[in-house]
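Each ligand, and each atom within it, is numbered from 1 in the order the structure gives.
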Amino acid sequence: MSDTIEKVKCLIIGSGPAGYTAAIYAARANMSPVLYQGTQPGGQLTTTNEVENFPGYPEGVTGPEMMMQLQAQAQRFEADIRDGWITKVDFSGDVHKVWVNEEKEIHCDTVIISTGASAKYLGLDSEQKYLKLGGGVSACAVCDGFFYRNQEVVIVGAGDSACEEAHYLSKLCKKVTMLVRRDEFRASKIMATRVKNTENIEILFNTETDEVLGDGQVVTGVRVINNKTNEKHEIEATGFFVAIGHKPNTDIFKGFLELDETGYIINTPGTSKTNIEGVFVSGDAADHVYRQAVTAAGTGCMAALDAERYLAAKDATFEVSTSSYN
Ligand code: NDP
């Protein structure tokens, strides 16, 4: 084994509520976890404004603040939190191999995957063009809404995320037009009602995006189509927000782990176990049903406990700690 290969008892990939919770539990169980944060330290919640449904925060908490607290809690127990992006894995042998930034090789006794999910886009050429130019297309109202203060914007989607983001934008922007492709919302009643009751949000049902319009540099409007009547019309807007769900960040595990057709990792029901021994999954990388911060944290805990038990079964010298169960 070359000197450049590091050996790690428990490697955690990803830094949302799942990853940090796994790190807290693994660190308290003497597993010396190493956690790689990925390209978006803190995960999706860092793009969420107010989290009002995580138990223990009666007044709510911002996503970034909660992530900072979870990181600090993991570090208090000496979890090794690192910058870096896992670019390749090899789970074909007894030792689980992982590469960081295409260079550094790590051999792991256990791996906990908490890579979460990423925002989806419509895939229109015009959308991708202005996204790449940084000219007015965004999948994160909380990150980018500020740039559209007192302007008119369009948002696509009808789930809780779209409602939350539309409401957030309505507080900054002059007008928000919401494009809903069916004749009803997918979002929970409370979120949909909040949007419907907001004066400067106009909801267009049965309406899809035909093209994002622009001057070659920045977005100037959106051409939409009513999918019942096929009528098209243009809406003036300087910002085009996409809030149509997420794709699990699991591409690097293809060929090793069992994934469903969308790419979610398939775990043994009721556990965090994958089809590879010693590789565990937590959070949105496997969860297409609940997808909440609190459920991600819960499965992060499960993954650390499953990893600990796996290590104990494999190595009689590794003692299962009692502290992690308290
Ligand atoms: P969802 O999958 O719930 O909703 C995606 C929405 O995008 C749907 O309305 C869907 O339309 C629409 N959509 C998908 N593809 C297209 C397309 N090509 N063109 C137009 N519209 C499209 O994703 P969310 O991100 O909203 O929510 C994910 C999970 O996170 C949910 O469980 C949600 O409850 C939760 N969440 C909770 C929050 C909270 O409680 N504060 C905040 C945000 C999310 P259609 O309905 O027609 O399929």
Side-chain angles (χ1 to χ4, degrees), residues 16-18 40 43-55 57-67 116-128 131 137-143 145 154-170 176-196 201 203-212 222-228 232 235 240-249 260-264 283-299:
Q40 193 183 354
Q44 281 181 78
L45 267 195
T46 52
T47 64
T48 293
N49 189 20
E50 197 72 11
V51 181
E52 294 178 327
N53 51 12
F54 199 95
Y57 294 94
E59 305 304 326
V61 61
T62 68
E65 197 183 340
M66 189 205 270
M67 288 309 105
S118 298
K120 282 198 221 162
Y121 288 90
L122 296 174
L124 295 171
D125 287 347
S126 52
E127 169 204 59
Q128 291 303 305
L131 175 67
V137 173
S138 169
C140 178
V142 177
C143 317
V154 169
I155 184 165
V156 186
D160 281 331
S161 297
C163 289
E164 192 179 72
E165 302 218 340
H167 190 251
Y168 180 83
L169 289 169
S170 73
V176 179
T177 305
M178 198 168 182
L179 309 183
V180 175
R181 68 177 173 183
R182 289 185 294 139
D183 56 4
E184 60 176 359
F185 280 95
R186 176 177 297 273
S188 54
K189 239 193 180 109
I190 185 167
M191 304 286 268
T193 304
R194 190 191 282 179
V195 162
K196 285 177 188 163
I201 300 179
I203 303 160
L204 302 180
F205 288 101
N206 299 118
T207 303
E208 296 181 37
T209 310
D210 191 48
E211 192 165 353
V212 179
V222 182
R223 187 167 62 237
V224 299
I225 178 164
N226 182 306
N227 57 26
K228 290 269 186 231
K232 294 183 183 179
I235 302 168
F240 181 71
F241 287 86
V242 187
I244 60 168
H246 293 83
K247 177 189 177 302
N249 299 319
D260 73 8
E261 68 281 359
T262 314
Y264 287 99
D284 288 10
D287 177 12
H288 51 91
V289 180
Y290 303 105
R291 296 183 287 191
Q292 300 299 300
V294 69
T295 49
T299 54

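- Looking only at distances, a side-chain donor or acceptor of S138 sits under 3.5 Å from a matching main-chain atom of C140.
- No N or O atom of L122 sits closer than 3.5 Å to an N or O atom of ligand 1.
- Looking only at distances, a side-chain donor or acceptor of Q292 sits under 3.5 Å from a matching main-chain atom of Y290.
- Atoms of ligand 1 found under 4.0 Å from any heavy atom of G159, numbered from 1 in the order shown, are 4 (O), 6 (C), 9 (O), 26 (O).
- When only modelled atom types and interatomic distance are considered, T207 and N226 share no side-chain donor-acceptor pair under 3.5 Å.
- In this structure, D260 contributes its side chain and G263 its backbone to a donor-acceptor pair below 3.5 Å.
- For T209, no heavy-atom contact with ligand 1 is shorter than 4.0 Å.
- Comparing R182, E164, Q292, H288 against atom 47 (O) of ligand 1, the shortest heavy-atom distance belongs to R182.
- With ligand atoms numbered from 1 in the order given, ligand 1 contributes 39 (C), 40 (O) to contacts under 4.0 Å with heavy atoms of N53.
- In this structure, CD1 in I225 is found 5.0 Å from NZ in K232, a value given to the nearest 0.5 Å.
- Each of F185, F205, F241 was evaluated against M178; a single residue qualifies, F185, per the side-chain contact (heavy atoms from CB on, under 4.5 Å) test.
- Residue contacts with ligand 1, taken as heavy atom pairs separated by less than 4.0 Å, involve H246 solely via side-chain atoms from C-beta onward.
- Contacts between L179 and ligand 1 below 4.0 angstrom, taking non-hydrogen atoms only, are absent altogether.
- The residue among E165, K120, R181 with a heavy atom at the shortest distance from atom 14 (C) of ligand 1 is R181.
- Between the D284 side chain and the P248 main chain, no donor and acceptor come within less than 3.5 Å of each other.
- Annotation for ligand 1: atoms under 4.0 Å from non-hydrogen atoms of R186 are 1 (P), 3 (O), 4 (O), 8 (C), 9 (O), 45 (P), 46 (O), 48 (O).
- One option in G245, C163, S161 has a heavy atom closer to atom 27 (O) of ligand 1 than any other, and that option is S161.
- A donor-acceptor contact shorter than 3.5 Å links the side chain of E127 to the backbone of L122.
- One option in D160, T295, D287 has a heavy atom closer to atom 38 (C) of ligand 1 than any other, and that option is D160.
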